[in-house]
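Reading through the structure tokens given below for one structure.
On a predicted model such as this, the values are computed, not experimentally measured, just so you know. In what follows, chains are A, B, ... by sequence order, proteins preceding strands, each numbered from 1.
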There are 2 protein chains.
Amino acid sequence: MNPVINLKDKAKLFSEHWSPKVVAELNDYQFKLAKLKGEFEWHQHDDTDEAFLIQSGQLTIELPDGKAVHLSEGELFIVPKGVMHKPVAKTECTVMIIEPKGVINTGETNERTAENDVWI
Amino acid sequence: MNPVINLKDKAKLFSEHWSPKVVAELNDYQFKLAKLKGEFEWHQHDDTDEAFLIQSGQLTIELPDGKAVHLSEGELFIVPKGVMHKPVAKTECTVMIIEPKGVINTGETNERTAENDVWI
């Protein structure tokens, strides 16, 4: 049987930033916890929407045309498929990302691409 | 652009029990808030896993063979595809359910089937 996943307990198990860790799978989707601090890079996911659900702290997601959303604990935002975005966390933020298995954090592979499908 | 969804604010917008309300879509999946109180019925979803993420209160999900999981705020549990389950909330619980669009709350249609695809 599947385990009960306590998200706060899981978040204590790692400290790296910008390196999502898988905590559960739902069909071919994954729930990933990530700790974010500082500025990420602009990227997009051509084949999928991406959900951000803030667990602690605050996250800004910069969007095209100078727009941005500012997210706090308990807030959910869906970045639509194919939309450029840049996450920025002035202080550390813990977020749950929900997206299909296999999606990489940088859209296309580069030096900031995290190892994929790492479970905690 | 998609809205920022504050889950606590959304939960204030309805009071019915066992009647999930859609708050967001991710590709062909939906995020639904539901308030649960009392005992639901045994059912299963033949074609999909189902995620429960507790927002407030506590939820027991009874499972086959006398097993059960007990979930509190911040805990996530995935009911596997095809597994019979019965949610029970001794006191009111608010939960976010994540599953493909079109899944009905009772597995098969009956007198406890809630209207589907109702957004708040």
Side-chain angles (χ1 to χ4, degrees), chain A residues 1-12 22-33 45 47-56 58-85 94 96-100 103, chain B residues 1-12 22-33 45 47-56 58-85 94 96-100 103:
Chain A
M1 183 45 62
N2 284 335
V4 173
I5 297 142
N6 184 298
L7 297 176
K8 283 192 194 302
D9 288 348
K10 286 289 190 187
K12 294 173 185 164
V22 182
V23 297
E25 277 184 358
L26 174 78
N27 302 321
D28 56 346
Y29 280 65
Q30 290 184 328
F31 293 79
K32 306 172 182 178
L33 284 177
H45 304 287
D47 300 320
T48 182
D49 300 342
E50 183 173 45
F52 291 81
L53 177 57
I54 310 301
Q55 303 298 303
S56 67
Q58 295 186 314
L59 179 65
T60 294
I61 301 179
E62 298 183 11
L63 296 162
D65 302 324
K67 294 181 179 170
V69 291
H70 305 285
L71 306 172
S72 298
E73 185 175 329
E75 291 186 330
L76 171 68
F77 181 72
I78 314 290
V79 177
K81 178 169 62 176
V83 169
M84 290 290 287
H85 57 286
T94 300
M96 188 156 68
I97 296 167
I98 303 136
E99 61 194 359
V103 172
Chain B
M1 181 46 60
N2 284 336
V4 173
I5 298 142
N6 184 297
L7 296 176
K8 282 193 192 305
D9 287 349
K10 285 289 189 187
K12 293 174 186 165
V22 182
V23 297
E25 277 184 357
L26 174 77
N27 302 321
D28 56 346
Y29 280 64
Q30 290 184 327
F31 292 80
K32 305 173 183 178
L33 283 177
H45 305 286
D47 300 321
T48 183
D49 301 341
E50 183 173 45
F52 291 82
L53 176 57
I54 309 301
Q55 302 297 303
S56 67
Q58 295 185 315
L59 179 65
T60 294
I61 300 179
E62 297 183 11
L63 296 162
D65 303 323
K67 294 181 180 171
V69 291
H70 305 285
L71 306 172
S72 298
E73 185 175 331
E75 292 187 328
L76 171 67
F77 182 72
I78 314 289
V79 178
K81 179 169 62 177
V83 169
M84 290 290 285
H85 56 285
T94 300
M96 187 155 68
I97 296 167
I98 304 136
E99 61 194 357
V103 172

Please classify the contact of [X] with chain B as side chain, backbone, both or neither, using a heavy-atom distance under 4.5 Å.
X	value
Ala24(A)	side chain
Glu25(A)	backbone
Leu63(A)	side chain
Pro64(A)	neither
Leu53(A)	side chain

How close do Gln58(B) and Ser72(B) get, counting heavy atoms only, and between which atoms?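 Result for this residue pair: NE2-OG, 3.1 Å.
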Pairs of heavy atoms under 4.5 Å with chain A: top-ranked of Thr48(B), Ile61(B), Leu71(B), Val83(B): Thr48(B)
Which of Ile78(B), Asn27(B), Ile54(B) touches chain A most, by non-hydrogen pairs under 4.5 Å: Asn27(B)
Apply side chain to side chain donor-acceptor pair (under 3.5 Å) to Ser56(B) and Glu73(B), showing your working. CA-CA 5 Å; Ser56(B) 67; Glu73(B) 185 175 331; 5.8 Å; no
Sequence-distant partners of Glu50(A), salt bridge (Lys or Arg N to Asp or Glu O under 4.0 Å), two or more places apart: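 With sequence neighbours excluded, Glu50(A) shows a salt bridge (Lys or Arg N to Asp or Glu O under 4.0 Å) to no residue whatsoever.
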Close side-chain approach of Lys8(A) and Gln55(A), heavy atoms under 4.5 Å: no
Counting heavy-atom pairs under 4.5 Å to chain B, which of Asn6(A), Val69(A), Leu26(A), Asn2(A) comes out on top?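 Going by pairs under 4.5 Å, I would pick Leu26(A).
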Just wondering, more than 12 heavy atoms not from Asp47(B) lying within 6.0 Å of its CG?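 No - once you tally the heavy atoms of other residues, nucleotides and ligands closer than 6.0 Å, there are 12 at most.
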Interface moiety of Leu7(B) toward chain A, non-hydrogen atoms closer than 4.5 Å: both
Please identify each residue that fulfils ring-ring contact (aromatic ring centres under 6.0 Å, His included) with Tyr29(A), with sequence neighbours left out. Tyr29(B)
Would you sort out whether Phe31(B) and Ile5(B) count as a side chain to side chain contact (heavy atoms under 4.5 Å, CB included), showing the intermediate values? CA-CA 11 Å; Phe31(B) 292 80; Ile5(B) 298 142; over 6 Å; no
